Number of protein chains: 2
Amino acid sequence: MSELESGLAASGRRLTRARRTVLRVLSDASVPLSPREITAVGRQHYGHLGLVTVYRTLELLELMHWVRRVHGADGCHGYMLCGRALSPTLVCRLCGRVAEFPGGQPLRSLIDRVQADTGFRVDDPLVQLSGLCPACQGASGADEADEAAHRENGSAESIHT
Amino acid sequence: MSELESGLAASGRRLTRARRTVLRVLSDASVPLSPREITAVGRQHYGHLGLVTVYRTLELLELMHWVRRVHGADGCHGYMLCGRALSPTLVCRLCGRVAEFPGGQPLRSLIDRVQADTGFRVDDPLVQLSGLCPACQGASGADEADEAAHRENGSAESIHT
DNA sequence: ACTGCTATTGAAAGACATTACCATTAAGGA
DNA sequence: TCCTTAATGGTAATGTCTTTCAATAGCAGT
Ligand SMILES: [Mn+2]
Ligand SMILES: [Mn+2]
Ligand SMILES: [Zn+2]
Ligand SMILES: [Zn+2]
């Protein structure tokens with residue numbers, strides 16, 4: 001029984017085809033995907049997957065810390081699989097790729113410091129560091145646009161309008 | 001000439017009544033406000049203020065680092081004035097109040113560490129630490145709901161539905 | 001494998017949030 | 001004051017997210 005199954009079962013939840021599909025789509029993705037994108041890609045595996053179910057599944061997975069939300073400049077959000085450990089999220093604003101910074105120690109220090117100095121109790125830290133990944137730092141302006149466009153097409157067939 | 005005026009003028013932008021109104025509303029607020037809320041409150045000072053202009057003003061002010069976006073559990077975003085210094089944002093999920101953690105050193109250390117270890121170049125850090133402020137930590141469940149409701153009414157007349 | 005309970009689904013409609021359009025207005029330098 | 005043009009704001013369009021509810025399908029028990 002996978003860690004996921006036991007996690008769901010422990011709270012009386014069921015491992016459905018829709019949930020499996022969402023997880024598969026996310027684990028195949030190289031960039032965060034919006035609910036709409038996840039639905040579109042997921043339907044290649046499970047044709048009846050519904051958008052509402054994707055929203056509900058993402059909410060559940062986020063609650064269980066299986067999935068992390070990525071906040072972009074535009075209104076809508078992207079979602080990605082994540083580890084359960086405390087770690088900053090690195091987002092490249094050019095290629096869109098996301099990485100988790102391994103080793104939560106520096107972040108834990110920051111939070112400890114904040115809590116000690118202010119009395120505030122932090123229970124939901126959002127630490128998303130946007131910038132340029134090593135691969136994207138060399139590119140010039142025009143190349144950057146190309147690379148961004150290229151990446152965009154690669155994974156999710158660019159469902160954004 | 002205020003720092004704001006010079007900041008705008010430096011990029012050929014104008015200090016309009018709409019922009020002044022948005023700034024005034026934000027500086028009077030004790031919690032982050034949505035664009036719709038800002039518009040409603042702003043119209044008490046300037047009756048013709050338009051929602052679209054508020055969106056554009058917020059985008060501009062965010063670009064100039066005069067305003068910071070606060071990401072809530074629900075879809076839509078709140079906006080608040082902020083300093084230009086690098087600092088984590090503390091958000092109380094009960095009373096909604098927001099504070100900036102003074103002293104950017106721990107955060108700067110975290111970012112330096114990330115950049116050194118990964119080669120990633122961070123240029124837009126989003127560090128929003130949600131939890132309970134000191135005042136809200138004592139409250140029980142029922143009290144908490146009361147306090148949240150109370151706060152909500154206090155500032156912006158609860159435009160959210 | 002069959003049955004029953006109920007968590008879950010998904011289509012459709014609705015409620016909001018955000019953006020595009022464009023004729024009109026008003027900052028602010030000359 | 002006069003001009004240039006950045007900026008506005010109403011409206012319509014688009015996109016995102018939620019609510020609803022009848023139908024479906026996990027899965028525990030037999
Ligand atoms: Mn989007
Ligand atoms: Mn957000
Ligand atoms: Zn990159
Ligand atoms: Zn509080």
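Nothing here was measured: the structure is a model prediction, and the numbers come from that model. Quick note on labels: first sequence line is chain A, next is B, and so on, each numbered from 1.
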Looking only at side-chain atoms of A/V52, point me to the closest of D/dC17, C/dA12, D/dT8.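 Closest nucleotide to the A/V52 side chain: C/dA12.
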Based on the rotation axes of five pairs at each end, what angle does the helix from C/dA1-D/dT30 to C/dA30-D/dT1 bend through, to 10°?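 It comes to 50° between the two terminal axes.
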Take atom [atom1] of [X] and atom [atom2] of [N], then tell me their distance rounded to the nearest Å.
X: B/E59; N: C/dA20; atom1: CD; atom2: C1'; value: 13 Å
X: B/L60; N: D/dA6; atom1: CG; atom2: C1'; value: 12 Å
X: A/E37; N: D/dT16; atom1: CD; atom2: P; value: 9 Å
X: A/D74; N: C/dT18; atom1: CG; atom2: P; value: 11 Å
X: A/L49; N: D/dA25; atom1: CG; atom2: C1'; value: 15 Å
X: A/H48; N: D/dT24; atom1: NE2; atom2: P; value: 11 Å
X: A/Y55; N: C/dA15; atom1: OH; atom2: P; value: 18 Å
X: A/L58; N: D/dC17; atom1: CG; atom2: C1'; value: 12 Å

On DNA chain D, nearest-nucleotide positions of B/A73 versus B/L8: which is more 5'? B/L8
Between B/V54 and A/L15, who's closer to the 5' end of DNA chain D by nearest nucleotide?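 With B/V54 and A/L15 compared, the 5'-side residue is B/V54.
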Out of A/R68, A/R69, A/R56, which residue meets the salt bridge (Lys or Arg N to Asp or Glu O under 4.0 Å) rule with A/E62? A/R69
Chi angles and distances behind the side-chain contact (heavy atoms from CB on, under 4.5 Å) call for B/L58, B/I38: CA-CA 10 Å; B/L58 291 172; B/I38 293 169; 3.9 Å; yes
For the side chain of B/Q137 and the backbone of A/G119, is there at least one donor-acceptor N/O pair under 3.5 Å apart? yes
Using a heavy-atom cut-off of under 4.0 Å over every strand shown, decide if B/R43 touches base, sugar-phosphate, or nothing. sugar-phosphate
What nucleic acid atoms does A/T16 come within less than 4.0 Å of, heavy atoms only: base, sugar-phosphate, or nothing?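 If one applies the 4.0 Å heavy-atom cut-off, A/T16 turns out to touch the sugar-phosphate alone, with no base involved.
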Can you tell if the side chain of A/L8 reaches within under 4.5 Å of the side chain of A/L60, non-hydrogen atoms only?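 Yes; the side chains approach each other to less than 4.5 Å.
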Specify the residue among B/L51 and A/R19 whose closest nucleotide of DNA chain C lies further upstream toward the 5′ end. A/R19
Between A/R56 and B/H77, which residue's closest nucleotide on DNA chain C lies nearer the 5′ terminus?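 With B/H77 and A/R56 compared, the 5'-side residue is A/R56.
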Under 3.5 Å side-chain donor-acceptor pair for B/R13 and B/S11: yes
Separation of A/R93 CZ from A/C133 SG (nearest 0.5 Å):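 A/C133 atom SG to A/R93 atom CZ measures 10.5 Å (nearest 0.5 Å).
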Does A/R36 place a side-chain N or O at less than 4.0 Å from the phosphate oxygens OP1/OP2 of D/dT16?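 The answer is yes; a side-chain N or O of A/R36 sits under 4.0 Å from OP1 or OP2.
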Per the atom types in the model, does the base of D/dG26 pair as donor or acceptor with the side chain of A/R13 at under 3.5 Å? no
Is any side-chain N or O of A/R14 under 3.5 Å from a base N or O of C/dT6, one able to act as donor and the other as acceptor? yes
Classify the ring geometry of A/H77 against B/H71: parallel below 30°, tilted from 30° to 60°, perpendicular beyond 60°.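 Tilted, since the angle between the ring planes falls between 30° and 60°.
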Share the residues that join B/F120 in a hydrophobic cluster, the rule being Ile, Leu, Val, Met, Phe, Trp or Tyr side chains under 4.5 Å apart at the heavy-atom level. A/L86, A/L90, A/F101, A/L107, A/L110, A/I111, A/V114, A/F120, A/V122, A/V127, A/L129, B/L86, B/L90, B/F101, B/L107, B/L110, B/I111, B/V114, B/V122, B/V127, B/L129
